Number of protein chains: 2
Amino acid sequence: MPDPPDESPVVHIVDDDPDLGDGLSSVLRSVGLNARAYRSTVDFLRADDLDAPGCIVLDIRLPGTNGLDFQAELVRLGVPLPVILMTGHGDIPMSVRAMKAGAVDFLPKPFRDQDMIDAVTAAINRDRLQRASEQQAVAIVDRYVTLSPREREVMALVTAGKMNKQIAGELGLSEVTVKIHRGAAMRKMGARSLAELVRMADTLKNRTR
Amino acid sequence: MPDPPDESPVVHIVDDDPDLGDGLSSVLRSVGLNARAYRSTVDFLRADDLDAPGCIVLDIRLPGTNGLDFQAELVRLGVPLPVILMTGHGDIPMSVRAMKAGAVDFLPKPFRDQDMIDAVTAAINRDRLQRASEQQAVAIVDRYVTLSPREREVMALVTAGKMNKQIAGELGLSEVTVKIHRGAAMRKMGARSLAELVRMADTLKNRTR
DNA sequence: AATGTCATCACACGAAGGTATGGTCGGTGA
DNA sequence: TCACCGACCATACCTTCGTGTGATGACATT
């Protein structure tokens, strides 16, 4: 069920100038990268491999959409690919806004091929790191959702450092029952020690927040 | 021994144009902020309140020093104050470089007073958050350094989730001795539960790394 | 020489954690 | 209706943890 082991990264180029898209594609392919060009954000969103590792190279001025707004849109849509922005008519406030929003880089046109290659390399690297921690976090959430409500309550108190006796008191249970839920939580979460369970709980907390 | 409870934040303005320094100072004072102007980075480094909360507003083009290089220099010197950069003759790559290096904002001159006020507010806020987590981390390190070598070894294995018996085996000790070191570590670290100790260990690991 | 810290261990006991057996109760879906 | 699951509890037993008492030896400081 896991995807075919690490597909090679795809660079999605979104620019309404086909010459630039083609040129950039061949430059990136020349360094062994998989590149794909789109004429608009709509075309891009229709692509089927948005879940594959990679990054996005986005022109700021596009028909219909503003590149900066689209950057925010991507977050909203749950597309976590790192973004590199480029523009022919940008200014400093624009670039600052983009960087604040998490862009990997912001390149004024014309740029040197090497600069774009460096930016794309950095972006793909960032994506790789993101994916690694994301994947680990998802595995933990997957296990967490199999816990019953009571097991979750007990797990929360256990990882807060409380003793079984205290937990029993707070939840109005007997100590034995707490132990049962606690044991079930450990088993379902796949934690081989309390320390592991604590770290999993912290990972869960830092998600979505 | 802790500093007088939260001194109010100081905005350090570094610009070789005294008019700008004075003007900006009064603008910031008008919104209740403590501002201080310097003509050069050297003057700034001679200031005595670099440890107080606040931020730095730095011109890029300064006599002798480049603002971007100085930004890196500050990190090297261990001055953790957030930096806002401003410039009369900047370009996009410059702003991108600054943002990548962690600048809070990058304002082209002339800028609107309100934009600078917003940037300074954001910077001071970032500083406040940084200080909070830094202070907590330092408290943990302070306690950690009081541990004997053995106690540190045992703490590492305990927080890795190992049982006393295993630890005794790995270190070639009797289980009793492990318990003693373990207890000492808990006491010295001020941890009231294993969960707390695990989190402290994680905080220690994430420091300096 | 005296003091203090670190490190080590034995013995012992009570507290806390973990698991198993066996049983009750209520809700859900086949 | 039956089977299943979540939640609950008691009794029992074993393991692990925490701490105290008492003791030894090394090494550094005063």
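Lettering of chains follows the sequences in order, A, B, ..., and the numbering in each one begins at 1. Small disclaimer: the values here were computed from a predicted structure and weren't measured. In what follows, every heavy atom counts, from backbone to side chain, and hydrogens, waters and symmetry copies are set aside.
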Pair [X] + [Y]: basic N to acidic O under 4.0 Å:
X       : Y       : value
K205(A) : D202(A) : no
R199(B) : E196(B) : no
E134(B) : R131(B) : no
R76(A)  : E73(A)  : yes
D15(A)  : R39(A)  : no
E170(A) : K162(A) : yes

Practice problem: Evaluate side chain to side chain contact (heavy atoms under 4.5 Å, CB included) for L194(A) paired with V198(A), printing each intermediate quantity in order. | Solution: CA-CA 6 Å; L194(A) 178 56; V198(A) 169; 4.2 Å; yes

Quiz prompt | Gap between atom CZ of R152(A) and atom CG of L204(A) - 0.5 Å precision | solution =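 Output value for this atom pair is 9.5 Å.
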
Self-check item: Separation between CE of M94(A) and CD1 of I92(A), rounded to the nearest 0.5 Å
Solution: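 Spacing of CE (M94(A)) from CD1 (I92(A)) equals 12.0 Å.
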
Practice problem: Take L81(A) and L74(A) through the side chain to side chain contact (heavy atoms under 4.5 Å, CB included) test and state the conclusion after the steps. | Solution: CA-CA 8 Å; L81(A) 293 173; L74(A) 286 171; over 6 Å; no

Exercise. Please list residues of residues 174-202 of chain B whose heavy atoms come under 4.0 Å from any atom in DNA chain D, ordered by number; otherwise none.
Key: K179(B), R182(B)

Exercise. Please list residues of residues 151-167 of chain B whose heavy atoms come under 4.0 Å from any atom in DNA chain D, ordered by number; otherwise none.
Key: M163(B), N164(B), K165(B)

Quiz item: What string of B, S and - do you get for nucleotides 25-30 of chain D 5' to 3' if you count protein non-hydrogen atoms under 4.0 Å?
Solution: ------

Quiz prompt | Chi angles and distances behind the side chain to side chain contact (heavy atoms under 4.5 Å, CB included) call for V145(A), V141(A) | solution = CA-CA 6 Å; V145(A) 296; V141(A) 172; 4.2 Å; yes

With a 3.5 Å cut-off and sequence neighbours excluded, list the donor-acceptor pairs that the side chains of residues 58-67 of chain A form with protein atoms.
| residue | atom | partner | partner atom | Å |
| --- | --- | --- | --- | --- |
| D59(A) | OD1 | R61(A) | N | 2.8 |
| D59(A) | OD2 | K109(A) | NZ | 2.5 |
| T65(A) | OG1 | T41(A) | OG1 | 3.2 |
| N66(A) | OD1 | L68(A) | N | 2.5 |
| N66(A) | OD1 | D69(A) | N | 3.1 |

Self-check item: Range on DNA chain C touched by chain B - first to last nucleotide, heavy-atom distance under 4.0 Å
Solution: dC6(C) to dC11(C)

Practice problem: Please tell me if the side chains of V57(A) and V14(A) come closer than 4.5 Å, counting only heavy atoms from C-beta onward. | Solution: no

Exercise. Determine, stepwise, if the pair L24(A) / V11(A) fulfils side chain to side chain contact (heavy atoms under 4.5 Å, CB included).
Key: CA-CA 10 Å; L24(A) 207 45; V11(A) 182; over 6 Å; no

Quiz item: What are the two closest non-hydrogen atoms of A185(A) and E151(A), and how far apart are they?
Solution: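 Answer, listing the atom of A185(A) first, then E151(A): CB-O, 4.3 Å.
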
Exercise. Report the end-to-end axis angle of the helix from dA1(C)-dT30(D) to dA30(C)-dT1(D); each axis comes from five terminal pairs, and the value is rounded to 10°.
Key: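 Between the axes fitted at each end of the helix from dA1(C)-dT30(D) to dA30(C)-dT1(D) lies an angle of 40°.
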
